[in-house]
Amino acid sequence: MSTKPLPEATNFIQSIINQDILDEKVQTIQTRFPPEPNGYLHIGHAKSMFVNFGTAKLYRGKCNLFFDDTNPSKEKEEYVNSIKKDIQWLGYNWQKECYASDFFDKIYQYAIQLIQMNKAYVCNLSPEEIKNTRGTLTEKGQDSPYRTRTVDENLQLFEEMRLGKFKEGSCCLRAKIDMASPNLNLRDPVIYRISYDRHYRTGNKWCIYPMYDFAHPICDYLQNVTHSICTLEFEDHRPLYDWVGITLNFVAKPKQIEFARLGMTNTVMSKRYLKKLVEDGTVHNWDDPRMPTLSGMRNRGIPPEAILDFCQRIGISKSQAECEYSYFEACIREYLNYHAERTNVIVKPLKLTITNYEGEEEVDFDINPMQTDKGKRKRRFSKTIYIEQDDFSIEPPPKYYRLKPNGYVRLKDAYIVRCDGFIQDKMGNVTEVLCTYFKESKSGQDKSGIKTKGVIHWVSEADAMPIELVQYQLLLQDARYEGQDFQERINYNSEQIKKVFAEKYILSLSENTVMQCLRTGYYKIDNHQGKLRLTEVVSLKESFKSK
RNA sequence: UGGGGUGUCGCCAAGCGGUAAGGCACUGGAUUUUGAUUCCAGCAUUCGUAAGUUCGAAUCUUGCCACCCCAGCCA
């Protein structure tokens with residue numbers, strides 16, 4: 001018996017594992033993260049990774065990456081590559097990289113063993129006939145007429161299935177359990193089926209493929225998995241999972257534990273929908289910044305640490321939960337506020353001329369006010385600068401702290417200015433603001449005595465450079481309870497490309513990706529084909545709220 | 001409807017018979033050269049509901065109620 005103290009259980013999974021260790025049922029913990037390579041990973045998978053990799057780490061155990069590739073019609077190499085990339089991006093390392101397809105030979109042997117034990121039979125009922133004889137929720141099913149075939153006959157037929165002598169759907173291998181079971185999964189489930197689709201890894205070597213319910217417990221066992229953690233919808237499958245282990249006499253039986261999958265407001269998580277968005281061209285690809293995929297989030301500038309923090313904070317339970325998106329955003333903001341290097345970007349530029357200023361000087365600003373040891377950066381201040389259009393108003397609403405005619409405002413890290421006038425075009429749009437500055441009000445050495453409530457950011461003409469703005473707007477209605485059609489639920493507006501101004505020195509940063517917190521939004525600035533690009537994803541729902 | 005689950009603040013979520021943690025959101029107020037951040041303060045006499053056991057129940061028992069999952073040769 002180990003004297004090592006058990007990790008304190010912070011969720012029900014850990015309580016179960018602690019008990020298993022106390023009961024000496026297990027020593028080292030082995031888990032697995034089991035995606036099917038039929039799409040890209042999304043934030044829901046991040047929760048699964050957090051549970052599987054995180055649990056293994058907590059107990060100083062191991063976690064494998066296991067590709068559940070038993071359905072050749074849906075799986076692709078592209079997906080396994082993206083999955084591996086996304087896991088690494090999140091910061092997890094797997095112990096072994098396994099594939100269900102690596103175990104096909106062994107799974108096949110186990111099927112034969114089952115037949116020899118008279119626990120499985122080849123059934124010639126059509127899929128529709130199987131459906132019709134399965135019974136209903138309230139009525140028991142009927143035994144297949146092929147249930148009583150002899151072991152030798154089953155062995156012979158299964159071999160012929162493997163050799164490709166039968167058509168798809170003409171027969172399958174079924175476990176012989178109980179057609180009267182109240183659990184539908186136990187009514188002689190299909191465990192092997194015929195498919196002539198080419199498998200992306202095994203090619204045409206096989207034309208019979210194990211079903212999830214048969215392959216999964218075997219693969220877990222062969223990987224020495226101690227705790228097979230999956231989502232709630234598999235709870236009904238646990239008796240079947242256990243049946244396989246017991247019937248095949250596994251020495252160490254892995255324990256299946258289920259937890260609630262992640263649900264979030266204002267977005268959809270199901271791969272079916274995400275795939276549809278990609279296929280009908282609503283988004284560019286799986287990694288479009290509007291997608292809730294991990295690669296989409298990466299392109300949107302969401303740091304992996306924030307995703308993991310979110311998974312940590314929402315907790316693991318069995319209640320079907322739907323987290324508010326604002327919880328996730330809080331995690332992102334918290335991380336960015338502490339880590340993001342600040343820079344100044346003017347999205348909608350408005351020229352501001354300081355009429356009584358001549359020449360040029362340098363002013364300092366904190367690279368990150370949360371971490372002053374990161375130092376300061378120099379920026380040029382001059383007669384002509386650009387401010388945000390929103391930071392100037394001719395007819396300001398009450399409590400408007402920013403620049404207005406005859407009003408004062410501080411230019412961050414520089415001087416206080418007063419608005420003396422403005423120039424409009426024929427349409428009445430303000431094209432330029434005229435100001436005077438106060439020499440004694442310089443940041444850090446202010447002797448002017450002027451108090452300003454507002455502070456606005458700016459970019460000087462000398463430092464300004466245009467960058468491409470790629471702005472995606474999305475309006476995601478949470479229509480899960482509204483029963484609307486999918487198309488009505490999700491309306492992605494087309495992107496807008498604009499010119500914005502940023503400061504040149506963001507080019508000189510060692511990393512080409514700079515995160516910035518601007519008010520409550522988040523942006524990503526990167527170097528795209530030699531040009532600076534600002535990516536912004538605006539939730540219309542949120543922006544309505546703020547107005 | 002048979003089976004399997006879940007019900008603790010608007011949203012997550014601790015609690016596991018001794019008298020309701022925490023986070024998000026929200027609301028006040030203080031500091032502030034990002035209307036950000038930070039900081040204080042407020043926010044469930046009550047744990048789906050009704051009985052019962054107990055000196056004492058969110059925690060145990062029983063009956064109701066609500067919601068989710070299952071009738072793919074998908075995972």
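Reminder, nothing fancy here: chain letters follow the sequence lines and each chain counts from 1.
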Min side-chain heavy-atom separation A:Asp213-A:Ile191 under 4.5 Å = no
Along RNA chain B (nearest heavy atom to each residue), the more 5'-positioned of A:Ala414 and A:Asn185 |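 The 5'-side residue here is A:Ala414.
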Upstream residue (5' side of RNA chain B) when A:Lys47 and A:Pro127 are each assigned their closest nucleotide |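 Nearest-nucleotide comparison on RNA chain B picks A:Lys47.
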Any strand counts, and the cut-off is 3.5 Å on both contacts for Watson-Crick or G-U wobble. Which nucleotide pairs with [N]?
N     : answer
B:U27 : B:A41
B:C47 : none
B:C67 : B:G5

Taking any heavy-atom pair under 4.0 Å as a contact, classify [X]: base, sugar-phosphate, or nothing.
X        : result
A:Lys399 : base
A:Leu125 : base
A:Leu411 : nothing
A:Phe166 : nothing
A:His216 : nothing

Contacts of A:Tyr108 that satisfy ring-ring contact (aromatic ring centres under 6.0 Å, His included) - sequence neighbours left out | A:Phe158, A:Trp206
Quick one: ring-ring contact (aromatic ring centres under 6.0 Å, His included) partners of A:Phe310, sequence neighbours excluded?
->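 ring-ring contact (aromatic ring centres under 6.0 Å, His included) check on A:Phe310 returns A:Phe328.
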Distance check: side-chain N/O of A:Ser317 vs OP1/OP2 of B:A13, anything under 4.0 Å?
->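 Indeed, a polar side-chain atom of A:Ser317 lies that close.
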State whether A:Arg134 places a side-chain N or O below 4.0 Å from either non-bridging phosphate oxygen (OP1 or OP2) of B:G72.
->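 Affirmative; the distance criterion is met.
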Nearest-nucleotide pick for [X], side chain only, options being [options]:
X        : options             : answer
A:Met211 : B:C73, B:C12, B:G35 : B:C73
A:Ala330 : B:A71, B:G35, B:A25 : B:A25
A:Val455 : B:U34, B:C73, B:C24 : B:U34
A:Asn337 : B:C73, B:U37, B:G35 : B:U37
A:Cys172 : B:A75, B:A25, B:C73 : B:C73

Criterion side-chain hydrogen bond (donor to acceptor under 3.5 Å, both in side chains) against A:Asp364, the qualifying member of A:Lys376, A:Lys378, A:Arg379 =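 When side-chain hydrogen bond (donor to acceptor under 3.5 Å, both in side chains) is applied between A:Asp364 and each of A:Lys376, A:Lys378, A:Arg379, only A:Lys378 qualifies.
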Indicate yes or no: does [X] engage [Y] in a salt bridge with an N to O separation below 4.0 Å.
X        : Y        : value
A:Arg187 : A:Asp178 : no
A:Asp390 : A:Arg402 : no
A:Lys176 : A:Asp188 : no

Atom pair CG (A:Asp68) and SG (A:Cys230), whose distance is rounded to the nearest 0.5 Å |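 So the CG of A:Asp68 and the SG of A:Cys230 are separated by 11.0 Å.
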For atom CG of A:Leu240 and atom P of B:A75, their distance in whole Å = 12 Å
A:Tyr335 atom OH is separated from B:C24 atom P, nearest whole Å, by 19 Å
Check the interface with nucleotides 2-8 of chain B: list each N/O to N/O pair with the protein under 3.5 Å, or write none.
| from | atom 1 | to | atom 2 | distance (Å) |
| --- | --- | --- | --- | --- |
| B:G2 | N9 | A:Leu137 | O | 3.2 |
| B:G2 | N2 | A:Pro182 | O | 3.4 |
| B:G2 | N3 | A:Leu137 | O | 3.2 |
| B:G3 | N2 | A:Asp236 | OD1 | 3.4 |
| B:G3 | N2 | A:Asp236 | OD2 | 2.7 |
| B:G4 | O2' | A:Asp236 | OD1 | 3.3 |
| B:G5 | O2' | A:Glu235 | OE1 | 3.3 |

Which value, in whole Å, describes the distance between the C1' atoms of nucleotides B:G56 and B:U45?
->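 These two C1' atoms come out 16 Å apart once rounded.
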C1' spacing across the pair B:G10 / B:A25, given as an integer number of angstrom = 8 Å
